[in-house]
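Structure first, then comments.
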Amino acid sequence: MLALAFGPAGLTLDSQILASRVPRLLLTIFAGGILALVGAALQGLLQNPLVDPYIIGSSSGAGVGVALSLLLGWTSVIGRPLFAFAGAAGALFLVYTLARMRGRMSRLSLILAGVAVSFVGSSLVMVLMVLSREQLAQIIYFLMGSTKVVFTPTKLWVFAGSAVVSLGAAGWLVARWRSLDILSTNIEAAESLGVDTQKLTTEVFVLSALLVGVVVAFAGAISFIGLVVPHIVRFIFGPRHLKVLPASFLAGASLLLASDLCLRGFAMATGVDLPLSVVTTLFGVPVFLYIMRRRLA
Amino acid sequence: MKNTARLFLCVLVLSASFCSRTRNTPRNTRNTRNTPYKSNGEPHRVISLVPSLTEITYALGVEDRLVGVTTYCDYPPEVKEKKKVGDFLSPDPERLRLLKPDLILLAAPTQAQLVRDLKAAGFRVAVFDDPRNLEGVFAQIQALADTLGVSDRGRRLVDSLKSELKGIEKDKELSTYIEISEEPLISVGGGSYLTDAFEHIGFVNIFSDLSQGYPVIDPEEVVVRSPEIILLLYPNADRRNVQKRIGWSRIPAISRSAVFDSLPVDELMRPGPRLIRGLIITDSLVRHAF
């Protein structure tokens with residue numbers, strides 16, 4: 001599947017403009033992979049099939065950051081990712097503080113605090129959108145997600161640096177596969193088997209929020225990948241996190257690459273530019289339904 | 001995200017306002033229609049819901065008839081003293097009614113829905129089609145002058161603008177990439193009056209074949225179409241950032257360092273009487289550099 005997605009990208013490559021395509025390709029792989037992996041980890045942790053990476057509030061936090069950067073005129077090539085990441089980190093801090101009660105962090109409180117912060121963030125974005133008027137279209141476009149980013153060398157370095165750190169964090173998540181497996185079966189059993197569920201919850205949550213923050217900072221809020229790719233992967237590989245987490249990364253990257261190619265082809269054929277999230281959904285849902293029906297039949 | 005649907009709606013609204021310039025009538029000078037109301041004589045309490053129409057009203061010297069404007073109307077500076085009735089798409093109906101207008105100025109098709117609502121609410125409206133070319137800008141000025149009963153002033157204004165425009169020497173043609181937003185990358189398409197306006201001063205838009213007014217474009221397209229000059233039409237634009245873009249170094253405009261920021265953005269981005277001045281300033285900035 002990955003090879004398939006790479007093919008057409010290579011075929012349409014014009015050697016002269018290769019340089020501008022490589023960063024986009026890397027960003028697409030990175031964003032799709034991280035979103036799916038984080039989705040898989042959070043679904044495993046929270047034992048909820050409807051969880052997606054945005055439920056913990058960092059994407060709307062990043063949205064607030066971007067809207068603020070536009071309002072303050074801090075729109076330099078690295079100003080925006082920095083603001084987005086700061087917004088995501090702020091939301092993470094808020095959710096973390098709200099979800100902790102008497103020193104304990106329950107999974108339910110995490111989801112609810114995340115949803116609450118998301119809604120507050122969305123409302124703040126709306127307020128900022130009204131205030132920034134002319135940049136309205138830019139904020140909306142950002143929130144719809146796009147990997148069609150123009151890179152300057154500075155931005156590329158910032159991206160490369162954050163991507164390397166992020167992949168490290170992703171590796172850390174994968175290393176928690178055993179605990180996530182045990183937690184998925186039974187939380188009481190997990191406690192008695194020596195899994196520190198408190199520590200695990202905090203770890204997975206913090207890492208996920210930061211990873212989503214990085215993705216959103218560069219590619220905006222691309223929807224659908226983080227929600228559905230883990231399900232597709234579990235249908236194929238079963239529920240073990242050692243397989244699910246890396247496979248989600250690969251499948252997420254492939255799906256986003258394929259979507260990006262569709263978008264590109266569509267734009268070239270018709271001159272109309274679709275938001276990336278729309279394509280991921282239209283492209284991914286049939287795949288998902290096909291696999292679901294075959295597996296559940 | 002929970003509000004994706006709402007956002008999508010916003011995008012639809014926005015894209016509708018961008019795309020809308022592309023459909024209907026072929027380019028011609030008769031692209032302004034007025035709602036008939038002449039029987040009641042000249043309007044004296046006018047509300048403008050379009051910044052460019054507000055500017056034209058001032059340029060015609062009949063600003064004393066304006067009783068209300070939008071929060072977007074910011075030129076000339078005196079317009080700040082006028083009562084605000086809300087924004088461009090959703091003015092406050094109560095404030096409209098309190099001002100007792102005898103005419104409300106609107107643009108179509110961007111404000112088509114608002115036009116219907118206001119008509120249904122019993123307001124008298126005059127609807128002006130968004131100009132698709134320079135001739136359309138002049139026609140709009142004349143049409144508004146006619147509507148306000150100052151046709152002669154309209155003719156004088158249009159004549160002086162036209163003669164100013166003639167003053168620009170049409171030099172060698174230059175293929176031009178116009179950028180109005182950096183992230184996402186938005187350019188100007190054939191559907192916008194700007195394509196035609198820039199063509200008048202010899203700047204040929206590389207995206208004139210796109211029917212949309214303001215298309216989001218792929219950075220690679222710019223490389224493929226290799227423009228000779230690049231105009232950055234947004235506040236805080238920085239040519240250095242554009243020159244550093246990865247993969248763009250072979251674009252003639254970049255290698256010859258013909259990227260222009262600090263252009264008269266406000267003048268150019270509004271199809272009003274200041275447009276010609278904007279074109280003159282841009283022309284002299286660019287031609288000086290060559």
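The structure presented is a predicted model; accordingly, all values stated were derived computationally and were not measured. Lettering of chains follows the sequences in order, A, B, ..., and the numbering in each one begins at 1. We use all heavy atoms of the structure for the numbers below, so side chains are in, but hydrogens, waters and symmetry mates are not.
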Begin with the C-alpha distance, continue with both residues' side-chain angles, and end with the deciding distance and a verdict on side chain to side chain contact (heavy atoms under 4.5 Å, CB included) for B/Asp218 and A/Arg24.
CA-CA 11 Å; B/Asp218 192 311; A/Arg24 176 170 175 174; 3.1 Å; yes
Gap separating the NZ atom of B/Lys244 from the NZ atom of A/Lys155, nearest 0.5 angstrom
12.5 Å
Atom CG of A/Leu156 and atom CD1 of B/Ile246: how far apart are they, to the nearest 0.5 Å?
4.0 Å
Tell me if the CD atom of B/Glu78 is crowded by more than 12 foreign heavy atoms within 6.0 Å.
yes
